[in-house]
Every structure is written in C-alpha cells, then in structure tokens.
Amino acid sequence: MMVTPGELAKSLDNSDMLGHIRNFPSDLSKVWNDSESWDLSAIENATFSGVICLGMGGSASGGDFLSCLSDADGCLPFVAHRGYDLPAWISENWLVISTSYSGNTEETIDATEAAIGLGCSVVGFSSGGALQALLEESNQIWIELPGGQPPRSAFGHIFGAQIALAWRLGIMSAPEDLEAMVGRLAESVEACDFTQDSEEDVILEIAESILNLEISVLATQSLAPSAYRAVCQLNENGGVFARSHVFPEMNHNEIVAWGEENAVDNQSLLIFSWDGNHDRNDMRLDWFLDNIAVEPTWGLLCEGDSHLEALLYSVILMDWLSCAVALLRGKDPTAIGPIVGLKEYLSQ
C-alpha cells in the first residue's frame, strides 16, 4: 500500500520540523505583540548612519530581508554581515543588530565583540548563550528569543523580532493591518500543508518534479532574499544542492548558459515573482519564459498586499517545499550531520 505524505511525515520528521513551520504566522504575531514592551530607552532617540545585521545561517536571513525592504522603502541602509569581525567602514554611528539563535555562534560573537569595542550601539537577539552574557556585561540591549528549535525553523521569531525593532525605532514603516496579514499568512500555511493528504497537492507535485534534477532558483530584484533563503532551505532541510540568481543581474551573465541546449539538461527551475515587480523586470522575465525552455519550470507568484507580505509568503512556500523534498528523499528535514560534525571539530 502506498505511504501517504502524512504517514511519511510521522515516520521521518522526528523533531517536528513541520510543526515548527506550521507555527510561522503565530510566531510573528507573538513577537510583534511582545515587542511593545521592550525597553529601548537607551537608543530610541539616537540617530544612526545605518544598520548592520550580524548573523550566520538561519539567524542571518533576516538581515537580507531587512536590507531588501529598506532598499525599496526605507530611510537607512541595512547591511547583512556573515562572518568574523566587522567591515572596515563601520563606525560607532551604526546600529548593530546581532542575532544568534543559540547565542553561541562564534562568528557572530566575534563580530559583536568588535562592535562593542568600536563603541557601537548593539541590540542582540538570542535564546540565551554567550551572546546574552556578552551584551548584559557590556550594558547593551539583549532581547530573548524562544528557544528549542532549529534556527532555520525559527524565522518567525528571528525576523519578526528584527523588523519589530526597526518599527519601534522608526527606521522602517509597518503595514497598516498586521493582524489581517497574519491571518492571510496562516491561510497560506494551511494551503501548503501537504500532510493533509489531499488528492491534489501543488507543493508535493513541485517537490516530486524537481527531486532528481539540479535546482536553480531565480527571483526578481525585490525578492532577491527569497531566492537565497530558498537555496539554504533546500540545502539544509532537503539535503540537496541548489543555486540562485536574480533578475536583472542574471540577464547580464547566466542567461547565456540557459540559452545553450546542453546546459539545460537535467535542470529544474523555480522563479519567484510578485505583483510589485519593476515593470522592466517583468519584461525581462516574460522574455526569459518565452525564449528559454526548461522542464520543469515553476512560477511562484508571491501573494500579499505589501512587499513584506510577499516576502513572508515566499518563506512559507519554501519551508514547505524543502521539507517535502526531504521527506520524499527519505530524509529527516531537521538532520544536519555535516554541520554538527564541523562544530564538534571546531570546538576541540
């Protein structure tokens, strides 16, 4: 008898990754409500030259999303920094958002120490760990995140807190009706939940079609972080290789390879788009789809009444799709053996 998706999840999803991603909208709602009570008095009247977001892996993605949103409709530059130390151009006039879900990410701790030494104002987000101790000892602001899950499944907690900070400081504008947006995101989660074993499930159909193929993820400019995070989720949850590129930049290089007949063998293509694209990027995407033949190609139209909602919709799509890929491959979507092994080696 054929195993249903729900049964497959029960047998392989040993750490309840699907339960975590199912909670994404409620995670956002909770942190946005909690943020109203944060004590930001030390920095609420400060003037900053820009914001640098420190983090690695699942804790870093929020910086990409903030940067994208600020580029489109912000008042300050937001820069995501993944790695040790700080860029040489950072000054004490920059706000530093330091995020480590565990609180013990060594690259983030190193960069945070550099920021404190430089005299920057630092706001840290973690579930505890060395980051909490470092910030509290340095009289900086530390805000607790709920712990107990993989960082990549805690994007609601992490990004929700990061953007709430920007709203509280007045350096980014919040959508008018957050409650309605959260409601629509919850409906999207339900629509993507392939464990309900419906006869027609688009998420499973996409996952099955790309399962044994190379995966390329493209996005229009305003959804660039969606493409990169999609690749990371396919890597970690799905255990498969994937690569990303963005319109219009890919029109100046990678598009040539797509036009070569042999180059598109064994390829699958996911394309993120939304109604708020630049008109010229829509034209570029239309031409690409009319002139480049790749099977399968899936157009992922990110729904939403705002840029933020479209980005969050993309998170839901790829969380569920990457987990579907994992389960169809017989993989626990939480398992990350090589990352665990590397951390053990570095701790010696």
Asp305 with Arg184: basic N within carboxylate O range, under 4.0 Å: yes

Spacing of SG belonging to Cys75 relative to CD1 belonging to Ile171, to within rounding of 0.5 Å: 6.5 Å

Which atom of His81 lies closest to which atom of Ala111, heavy atoms considered: CD2-CB, 4.4 Å

Residue pair Met283, His278: steps toward the side-chain contact (heavy atoms from CB on, under 4.5 Å) verdict: CA-CA 9 Å; Met283 291 181 65; His278 191 290; over 6 Å; no

4.5 Å side-chain heavy-atom contact, Phe272 and Leu218: no

Side-chain donor-acceptor contact under 3.5 Å, Gln162 with Thr99: yes

Check: Pro25 main-chain N/O paired with Ser29 side-chain donor or acceptor under 3.5 Å: no

Considering all heavy atoms, the nearest Phe78-Ala166 contact: CZ-CB, 4.3 Å

Nearest atoms (heavy-atom pairs only) where Pro333 meets Asn237: O-OD1, 3.2 Å

Qualifying residues under ring-ring contact (aromatic ring centres under 6.0 Å, His included), relative to His245, sequence neighbours excluded: none

Contact summary for Leu311 and Ser222, nearest pair of heavy atoms: CD2-O, 3.9 Å

Any side-chain heavy-atom pair of Glu309 and Pro175 under 4.5 Å: no

Under 3.5 Å side-chain donor-acceptor pair for Ser268 and Trp298: no

Donor on one side chain, acceptor on other, Thr220 and Trp274, under 3.5 Å: no

Criterion salt bridge (Lys or Arg N to Asp or Glu O under 4.0 Å) on Arg22 and Asp193, from CA distance to verdict: CA-CA 8 Å; Arg22 197 174 281 119; Asp193 187 348; 3.0 Å; yes

Any donor-acceptor pair under 3.5 Å from Asp27 side chain to His157 backbone: no

Residue among Ser244, Ser314, Ser273, Cys68 satisfying side chain to side chain contact (heavy atoms under 4.5 Å, CB included) with Ser226: Ser314

Close side-chain approach of Ile116 to Leu135, heavy-atom, < 4.5 Å: yes

Donor-acceptor pair, side chain of Asp34 and main chain of Glu36, under 3.5 angstrom: no

Derivation of the side-chain contact (heavy atoms from CB on, under 4.5 Å) call for Arg284 and Met250: CA-CA 10 Å; Arg284 291 171 181 274; Met250 68 85 62; over 6 Å; no

Expected output: side-chain Arg229 to main-chain Ser61 donor-acceptor under 3.5 Å: no

Glu44, CD: over 12 other non-hydrogen atoms inside 6.0 angstrom: yes

For the student: nearest non-hydrogen atoms of Gln267 and Pro296, plus distance: O-CD, 4.0 Å

Path from Leu213 to Trp258 over hydrophobic side-chain contacts below 4.5 Å: no

Flag for Ser100-Thr108: side-chain donor and acceptor within less than 3.5 Å: no

Spacing of CG belonging to Leu28 relative to CG belonging to Leu185, to within rounding of 0.5 Å: 7.0 Å

Value rounded to 0.5 Å, distance of CD1 in Ile292 from OG1 in Thr297: 10.0 Å

Within 6.0 Å of NZ in Lys30, more than 12 heavy atoms from elsewhere: no

Single-linkage hydrophobic cluster, 4.5 Å side-chain cutoff, Leu76 and Leu86 together: no

Heavy-atom side-chain contact between Val96 and Thr112 under 4.5 Å: no

Chi angles and distances behind the side-chain contact (heavy atoms from CB on, under 4.5 Å) call for Leu234, Met318: CA-CA 8 Å; Leu234 287 165; Met318 287 312 304; 3.9 Å; yes

Polar contact flag, side-chain donor to acceptor under 3.5 angstrom, Ser126-Trp142: yes

Heavy-atom side-chain proximity of Gln233 to Asp319 below 4.5 angstrom: yes

Side-chain donor or acceptor of Ser102 paired with backbone N/O of Asn104 under 3.5 Å: yes

Euclidean distance, Thr105 OG1 relative to Asp110 CG, rounded to 0.5 Å: 12.0 Å

side-chain contact (heavy atoms from CB on, under 4.5 Å) between Met17 and Gln149, worked out: CA-CA 8 Å; Met17 175 65 78; Gln149 61 190 92; over 6 Å; no

Ring center gap for Phe194 and Trp320 short of 6.0 angstrom: yes

Heavy-atom donor-acceptor pair, Glu208 side chain to Glu205 backbone, under 3.5 Å: no

Flag side-chain contact, heavy atom, 4.5 Å: Phe24 against Leu312: yes

Ion pair check, Arg82 and Asp64, cut-off under 4.0 Å: yes

Connected via hydrophobic side-chain network under 4.5 Å: Tyr101 and Leu54: no

Side-chain heavy atoms of Gln221 within contact of Asp71, under 4.5 Å: no

Cluster check Ile255, Val246: I/L/V/M/F/W/Y, side chain < 4.5 angstrom: no

Nearest heavy-atom neighbours spanning Val231 and Ala242: CG1-O, 3.4 Å

Hydrophobic cluster identity match, Met56 and Ile52, side-chain contacts under 4.5 Å: no

N/O donor-acceptor pair under 3.5 Å between Asn281 side chain and Asn277 backbone: no

Donor-acceptor contact below 3.5 Å, side chain Gln140 vs main chain Cys120: yes

Approximate separation, where rounding is to 0.5 Å, of Arg152 CZ and His20 NE2: 10.0 Å

Leu69 backbone acceptor or donor facing Asp73 side chain under 3.5 Å: no

Spatial distance of atom CG (Leu18) from atom OG1 (Thr334) [nearest 0.5 Å]: 8.5 Å

Student check: side-chain heavy atoms of Ser121 and Phe48 closer than 4.5 Å: yes

Residues forming a side-chain hydrogen bond (donor to acceptor under 3.5 Å, both in side chains) with Gln132, sequence neighbours excluded: Glu136

Close aromatic pair by centroid cut-off 6.0 Å: Phe155 and Phe65: yes

N/O donor-acceptor pair under 3.5 Å between Asn23 side chain and Ser26 backbone: no

Between Phe125 and Trp38, ring centroids under 6.0 Å: yes

